[in-house]
Amino acid sequence: MPTLNWLTRNEDVGAARRVPYRLLEELPDLSAGDATTGNLLIQGDNLEALKALLPFYAGQVKCIYIDPPYNTRSAFEHYDDNLEHSRWLAMMWPRLELLRELLAEDGSIWVSIDDHEVHYLKVVMDEVFGRSNFLTNFVWQKSYGGGSKAKWFLGLHENVLCYAADMSRLPELWLPPDPKALKKYYKHKDDKFDERGPYRLQPLATTSMDERPNLRYPIVLPNGDEIWPEKQWQWSEERTRRALLNDELVVSTRSSGKRVVSYKQYYRDESGNVRGRKPATIISGHYTQHGSYESMALFGLQDKFSFPKPEGLVHTIFESCTNAGDLVLDSFLGSGTTAAVAHKMGRRWIGIEMGEHAVTHCAPRLRKVIEGEQGGISKAVGWQGGGGFRFHRLGPPAFDADGRLRPDIRYGVLAAHVWFSETGTAWRRDAASPLLGVHGGEAIALLFNGVLGDRRPGGGNVLTRATLRLIRERVAETTPGFDGSLTVYGERSRLMPATLERERVAFRQTPYDVKARA
Ligand SMILES: C[S@@+](CC[C@H](N)C(=O)[O-])C[C@H]1O[C@@H](n2cnc3c(N)ncnc32)[C@H](O)[C@@H]1O
């Protein structure tokens, strides 16, 4: 596969592995609202912040939207294109690698970028995310016109490069129908599926798809009549039979006598998701000017953020690829647009911003959102306020210079690192039991900080026959019939090596045997 080369490429590929895992420390004074919502605002360099998130969120993020600084000449007094271009690529590469690790299997990443870098970024993202996972390059119409100071062209657009984490796992993307279309097309109502809303009739036959012989079959009506498609149906025979039984098909007869089969396309599908329009590859209607007005309304003319994205643009992105409750992430948060939009749409969010505006803009903006701020997309989504977030900064490294975990670490943090180093996946369970979970035929347990209720020094942290029995009971409860090996992390083991071998238990000593996952 063709790849891109730049001055420091060899160092940059793999740089993410060398970034230390840091702890995240909450600043309660800057947090706001309900602390249990899971929303996180992090101030710090996103390279370290993304790495700190891995043990807790690897594979969990449904949508990443980022708007990194563009590599514009205006930012540099003495611009050396070769050097600055390399620096920009060096900045992007390791961050993209970490973002890929955080993305859920059915997730997607969307990156705003201008014309100068888009083609370089495309080649880099092809390499990091896989060329076959490229979805599209959205053209975002950023402006509706304006003066003509430019010498050659009126620059009216930017790009949003979009990749799936894994194309084969990505669900269909849909936008809800616009309200006018809803009235015009969704005219029918069905008492049977009240919760799915009104429906429109769509032809089941298609001539535009590639020919697939298994989609050419007769639909047999209750009276025994058979209807054949001109070329083929859109659905498998099994799906069509189910629809017939469910009363989801309508047969009408044209004046020519030809019988046509339509299916009822409901406003909501069987899972409750709204299907309307396919997201178009040109996004218009949300302009930079809107972003500036929104920022001015939030912060005043003096303190408004320069060129924030309009809430409507981020809304369109989240609307097409996420559902309520999904986790979304922006690691170049700027003035907090992504977090504000996610919050108003009922998505869980993580926002990372290294500038002081994390404190002066993002946190106050999100506090206003919690209080029911009515700018941006608020009216469109019926936002009334509520929720909360926790503000964090980066703390000390979780591992010392020899790669050993700090001994003063909390149970939940240690559990996440133990689990992540063993499985490469995020630990998202409760800390009430020493069993962290079962993964790929291996059970993993952690005895630490009196997790068994005994808070004396060393109490409950030692592997004995009694603690082993307790762990085994928990494994049997959560994974009946489990027959794999068991790895136990603890302060000490009182079991003889022969017993450990017989019981198929691998003992690892905390904190020394907990190693950072590269
Ligand atoms: C173009 S702005 C994003 C604007 C944002 N989309 C909005 O609507 O407000 C890029 C942001 O990324 C931040 N940034 C740049 N490098 C960063 C890094 N290494 N870690 C965290 N934030 C970074 C900058 O401080 C800036 O606020």
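Positions are given from 1, in the same order as the sequence printed here. Atoms within a ligand are numbered from 1 in the order they appear, just like the ligands themselves. Everything numeric in this text was worked out from a predicted model, so none of it was measured.
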Selection residues 49-64 - residue pairs positive for side-chain hydrogen bond (donor to acceptor under 3.5 Å, both in side chains), sequence neighbours left out: Gln60-Arg428, Lys62-Asp326
Between the side chains of [X] and [Y], does any donor sit under 3.5 Å from an acceptor?
| X | Y | value |
| --- | --- | --- |
| Arg9 | Thr3 | no |
| Gln43 | Glu356 | yes |
| Asn39 | Arg348 | no |

Within the 4.0 Å heavy-atom sphere of ligand 1, strictly under, residues: Gly44, Asp45, Asn46, Asp67, Pro69, Arg95, Phe305, Pro308, Lys309, Ser331, Phe332, Leu333, Gly334, Ser335, Thr337, Glu353, Met354, His357
By salt bridge (charged side-chain N to carboxylate O under 4.0 Å, His left out) - contacts of Lys183 (at least two apart): none
Where at least one partner belongs to residues 311-333, residue pairs that pass ring pair (Phe, Tyr, Trp, His ring centres under 6.0 Å), sequence neighbours excluded: none
